[in-house]
> 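Here's a structure for you.
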Amino acid sequence: MNDRHTTAVPEAWRSDVESVLLTESSIRSRVAELGKQISADYARLAPDFVVVGILTGSFIFLADLVRVVSLPLRVYFARAKSYSGTRSTGTVHLQDFERLQVRGKHVLVVEDIVDTGKTLKAISEELSRQGALSVEFCTFIAKQTERKEEGVPQVRYVGFVCPDRFVVGYGLDCDERLRQLPFVGIYRGPRE
Ligand code: 5GP
């Protein structure tokens, strides 16, 4: 049986996951809170409200989040990649941003996890270049780290703050694996 409150790592994932950091039920209630907050904050701006999900990591969070936002909105996706395995490559590759229709719109960028903030900074600069009226960020997880980049935009909505460990699940991967976990866990593999 699937227990949404459990902090025990299910048998099938024990070789990959050291411990459960966020249970399915804690994620669900936090996402509902974020949805309420975003609905209240953007109510006035609704006709021009655009949500941009950053692939691939945000796909589950975004799907859950937009279903608890009670406003009309448009959803677009674009791609950002900076990690290979459990390591940052140091370079952020942005893709499909030129196809977004964000000129004159209030944009809420939905991210999976903010680590150094390098990705966020690159996205913010790109959306401003494209004429977005406002750009705010919503991240599922903000990592507590000393490795913060300078000039990173403020994140307005943070689901959870987590320790500086490599995490997987609820959309977050390790080399495209483990995204489907309904909880978030600490990855067992060694940090190369
Ligand atoms: P940043 O540019 O903030 O350093 O890194 C952000 C990106 O790195 C995230 O969108 C995600 O793709 C990846 N990332 C950073 N930390 C983690 C982590 O703990 N787990 C996973 N799966 N990806 C991470």
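In each ligand, atom 1 is the first atom listed, and ligand 1 is the first ligand listed.
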> Would one find more than 12 heavy atoms of other residues, nucleotides or ligands at under 6.0 Å from atom CZ of Arg74?
no

> Can you check whether Val168 has an N/O within less than 3.5 Å of an N/O in ligand 1?
no

> Can Ser82 be said to touch ligand 1, with heavy atoms closer than 4.0 Å?
yes

> State whether Arg4 and Glu24 are salt-bridged, where the test is any N-O pair (Lys NZ or Arg NE/NH1/NH2 against Asp/Glu carboxylate O) under 4.0 Å.
yes

> Could you find the nearest protein heavy atom to atom 13 (C) of ligand 1 and give me its residue, atom name and distance?
Tyr83 CD1, 3.3 Å

> Who's the nearest protein heavy-atom neighbour of atom 2 (O) of ligand 1, and how far?
Thr119 OG1, 2.5 Å

> For the residue pair His5 / Ser25, report whether a side-chain donor-acceptor contact shorter than 3.5 Å exists.
yes

> Can you tell me the protein heavy atom closest to atom 1 (P) of ligand 1 and the distance?
Thr116 OG1, 3.4 Å

> Is the closest heavy-atom distance from Arg165 to ligand 1 below 4.0 Å?
yes

> Tell me which protein heavy atom sits closest to atom 20 (N) of ligand 1, plus the residue, atom name and distance to 0.1 Å.
Val167 O, 2.8 Å

> Ion pair present between Glu150 and Lys121, side-chain N to carboxylate O less than 4.0 angstrom?
no

> If you have a sec, work out which protein heavy atom is nearest atom 16 (N) of ligand 1 and how many Å separate them, to one decimal?
Lys143 NZ, 3.2 Å

> Taking atom types as modelled, is there a side-chain donor on Asp112 or Tyr170 under 3.5 Å from an acceptor on the other?
no

> Contact between ligand 1 and Asp112 is defined here as a heavy atom of the residue under 4.0 Å from a ligand atom; is it met?
yes

> Can you confirm whether the side chains of Glu33 and Gln37 place a donor and an acceptor under 3.5 Å from each other?
no

> Quick check: Leu172 and ligand 1, any N/O pair under 3.5 Å apart?
no

> So, are Asp16 and Arg177 salt-bridged, with charged N and O less than 4.0 Å apart?
yes

